[in-house]
Amino acid sequence: MKVGFIGLGNMGHAMARNLRAAGHELAVFNRTREKAETLRQQGARVADSPAEAARGAEVVFSMLADDPAVEEVVFGGSGLLAGQGQGAIHVSSSTISVALSDRLAEAHAKAGQRYVSAPVFGRPDAAEAKQLWVLAAGARADVERCRPLLEALGRGLTVLGEKASAANVVKLSGNFLIASMMEALGESFALTRKSGIEPKVFLEVFQSVFARSPIFERYATLIAQEQYVPAGFKLRLGLKDVKLALQAGDSLSVPMPLASLLRDHFLEGVARGKGDIDWSALGALAAERAGLDEK
């Protein structure tokens, strides 16, 4: 298929490369052009704007950091919306608000275009290894048309129905679950450390008794080892996702008290200068509140 890909950060670069490796014709755009060079060497065409990357493509992926970045790429004068053809599909893999996802669906429909929301679960190493779990929602025919592309990105795909923003609700709920898990892990490690128990000992107990999920085990290891650099996912983006989960809850009158607590803890992390390290640094904040010194 002819595919456009916009956003070549830690996740997007690996995803685009896997699409190219699967044999698809690829046009890519990234605000920092140098990040596209390795893909050019693998046969991708480097575009000068989102509109150019979208022009002529059957499917255009976007993988960007937040709502403002997506709005700029889609709605700008040389944006995706202007370049995408009639009937072409925009696949948004960014973690964005439910409200923006609904707005994108409406804007593409008005322009005679199609829209599928397809955020993913997994860190950059999972993207590299094609181990992402992909969520997808949108018109059934559009999702099925994109299925070969989505399956080229990961180890599994969950289809969530015809309302595109359903995928964003599930993604935000999942990230809230991960964030909640990290808060609990941070407090547990802080309590055991302050009681004189070595983190590696509690980690062994955790791995033997509680660990059933690679995600759970991965973040437990990062917190136990206080390994928050390099960031697989930045703490400031965790703050953004929890805020979005709270917005979604507010719109449906769903109380989320732990989400409110997590928002404050993420905000504390940003205020303490930790915004650009890994979001598992919730563990470092828990340790600091317990009066423990970082390594």
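Fair warning: this is a prediction, and the values are worked out from it, not measured in the lab. Values reported hereafter were calculated over all heavy atoms of this structure, with side chains retained and with hydrogens, waters and symmetry mates removed.
Taking 4.0 Å as the cut-off between side-chain N and carboxylate O, E144 and R147 count as a salt-bridged pair. Electrostatic pairing of D241 and K171 does not count as a salt bridge here, judged by no charged N lying under 4.0 Å from a carboxylate O. Using a cut-off of 4.0 Å between Lys/Arg side-chain N and Asp/Glu carboxylate O, R289 and E268 are scored as salt-bridged. Salt-bridge annotation for E34 and R40: absent, with no side-chain N of the basic residue lying under 4.0 Å from a carboxylate O of the acidic one. For the pair D276 and R236, the salt-bridge criterion is met [side-chain N within less than 4.0 Å of a carboxylate O]. Salt-bridge annotation for R193 and E198: absent, with no side-chain N of the basic residue lying under 4.0 Å from a carboxylate O of the acidic one. Between E71 and R103, at least one side-chain N (NZ, or NE/NH1/NH2) sits under 4.0 Å from a carboxylate O, which counts as a salt bridge. For R123 and E128, the salt-bridge test fails: no basic side-chain N is under 4.0 Å from an acidic carboxylate O. The pair D102-K163 meets the salt-bridge criterion, since a charged nitrogen lies less than 4.0 angstrom from a carboxylate oxygen.
With a 4.5 Å cut-off on side-chain heavy atoms, R17 and L39 count as touching. A heavy-atom distance below 4.5 Å is not found between the side chains of Q247 and L172. A 4.5 Å side-chain heavy-atom check between I6 and L80 finds at least one atom pair inside the cut-off. Residues L64 and D66 have side chains not in contact (no heavy-atom distance under 4.5 Å, counting atoms from C-beta outward). Side-chain contact between F75 and L81 is present, with at least one heavy-atom pair separated by less than 4.5 Å. R33 places a side-chain heavy atom less than 4.5 Å from the side chain of D48. Considering only heavy atoms from C-beta on, L235 comes within 4.5 Å of F266 through its side chain. You'll find the side chain of K130 stays beyond 4.5 Å of the side chain of R155, heavy atoms only.
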Q | From CA spacing to verdict: side-chain contact (heavy atoms from CB on, under 4.5 Å), L157, L135 | A | CA-CA 6 Å; L157 170 67; L135 308 172; over 6 Å; no

Q: Test H265 against E183 for side-chain contact (heavy atoms from CB on, under 4.5 Å), laying out the working first.
A: CA-CA 9 Å; H265 286 179; E183 176 68 20; 3.1 Å; yes

(Q) Let's go through R272 and E288 carefully: what are the C-alpha distance in whole Å and the side-chain angles of both, what is the deciding distance for salt bridge (charged side-chain N to carboxylate O under 4.0 Å, His left out) to 0.1 Å, and is it a yes or a no? (A) CA-CA 11 Å; R272 288 174 176 265; E288 289 172 10; 3.2 Å; yes

**Q.** side-chain contact (heavy atoms from CB on, under 4.5 Å) assessment of R263 paired with S260
**A.** CA-CA 5 Å; R263 176 198 55 207; S260 297; 4.1 Å; yes

Q: Go through V120 and M63 one step at a time and tell me if the side-chain contact (heavy atoms from CB on, under 4.5 Å) criterion holds.
A: CA-CA 10 Å; V120 300; M63 187 58 167; 4.0 Å; yes

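At least one donor-acceptor pair closer than 3.5 Å links the side chain of S49 to the backbone N or O of E52. No donor-acceptor pair under 3.5 Å is formed between the side chain of H24 and the backbone N or O of V3. With D142 contributing its side chain and R114 its backbone, the two residues share no donor-acceptor pair below 3.5 Å. At distances below 3.5 Å, not a single donor-acceptor pair connects side-chain atoms of N168 with backbone N or O atoms of V98. Distance alone, capped at 3.5 Å, places no donor-acceptor pair between the N175 side chain and the G238 backbone. E162 places no side-chain N or O within donor-acceptor distance of the main-chain N or O of G138, the cut-off being under 3.5 Å. For Q84 (side chain) and A88 (main-chain N/O), a donor-acceptor pair under 3.5 Å exists by modelled atom type.
Atom CE of M182 is separated from atom CG of L222 by 9.0 Å, given to the nearest 0.5 angstrom. With rounding to the nearest 0.5 angstrom, the CD1 atom of I197 is 13.0 Å from the CG atom of L203. Interatomic distance, S188 OG to F206 CZ, rounded to the nearest 0.5 Å: 9.5 Å. Taken from OG1 in T95 to CG in L237, the straight-line distance is 8.5 Å, to the nearest 0.5 Å. Atom OG of S280 sits about 5.5 Å away from atom CD1 of I223, to the nearest 0.5 Å. How far CZ of R145 is from CG of L150: 12.5 Å, rounded to the nearest 0.5 Å.
Under the 4.5 Å side-chain contact rule for hydrophobic residues, L239 and F233 share a cluster. With hydrophobic clusters built from ILVMFWY side chains whose heavy atoms lie under 4.5 angstrom apart, W133 does not share a cluster with V143. Hydrophobic clustering of Ile, Leu, Val, Met, Phe, Trp and Tyr side chains at less than 4.5 Å, counting indirect connections, unites V242 with Y219. V91 and L104 fall into different hydrophobic clusters, where Ile, Leu, Val, Met, Phe, Trp and Tyr residues are linked whenever their side-chain heavy atoms come under 4.5 Å apart, directly or through other members. Both V60 and I96 are members of a single hydrophobic cluster when ILVMFWY side chains are connected at heavy-atom separations under 4.5 Å.
For the residue pair A36 and V28, the shortest heavy atom distance occurs at CB-CG2, 4.0 Å. Residues A231 and D278 share a closest heavy-atom pair of CB-N, 3.5 Å. Between A224 and P199, the closest heavy-atom pair is O-CB, 3.8 Å. Looking at every heavy atom in both residues, H13 comes nearest to T38 through NE2-OG1, 2.7 Å. For the pair A190 and A290, the tightest heavy-atom approach, listed with the atom from each and the gap, is CB-CB, 4.1 Å. When every heavy atom of A47 is checked against every heavy atom of A53, the shortest pair comes out as CB-N, 3.5 Å.
Aromatic ring orientation, H108 versus H90: perpendicular (interplanar angle above 60°, classes split at 30° and 60°). Note on ring orientation: taking the six-membered ring where Trp is involved, the planes of F5 and F61 are parallel (angle under 30°, cut-offs 30° and 60°).
Aromatic ring centres of F202 and F189: separated by under 6.0 Å.
Side-chain atoms of Y228 and W279 form no donor-acceptor pair, as typed in the model, at a separation below 3.5 Å.
Heavy-atom neighbours of K234 NZ from other residues, nucleotides or ligands within 6.0 Å: at or below the threshold of 12. By the neighbour-count criterion of 12 heavy atoms within 6.0 Å, atom CD of E106 is sparsely surrounded, having that number or fewer from other residues, nucleotides or ligands.
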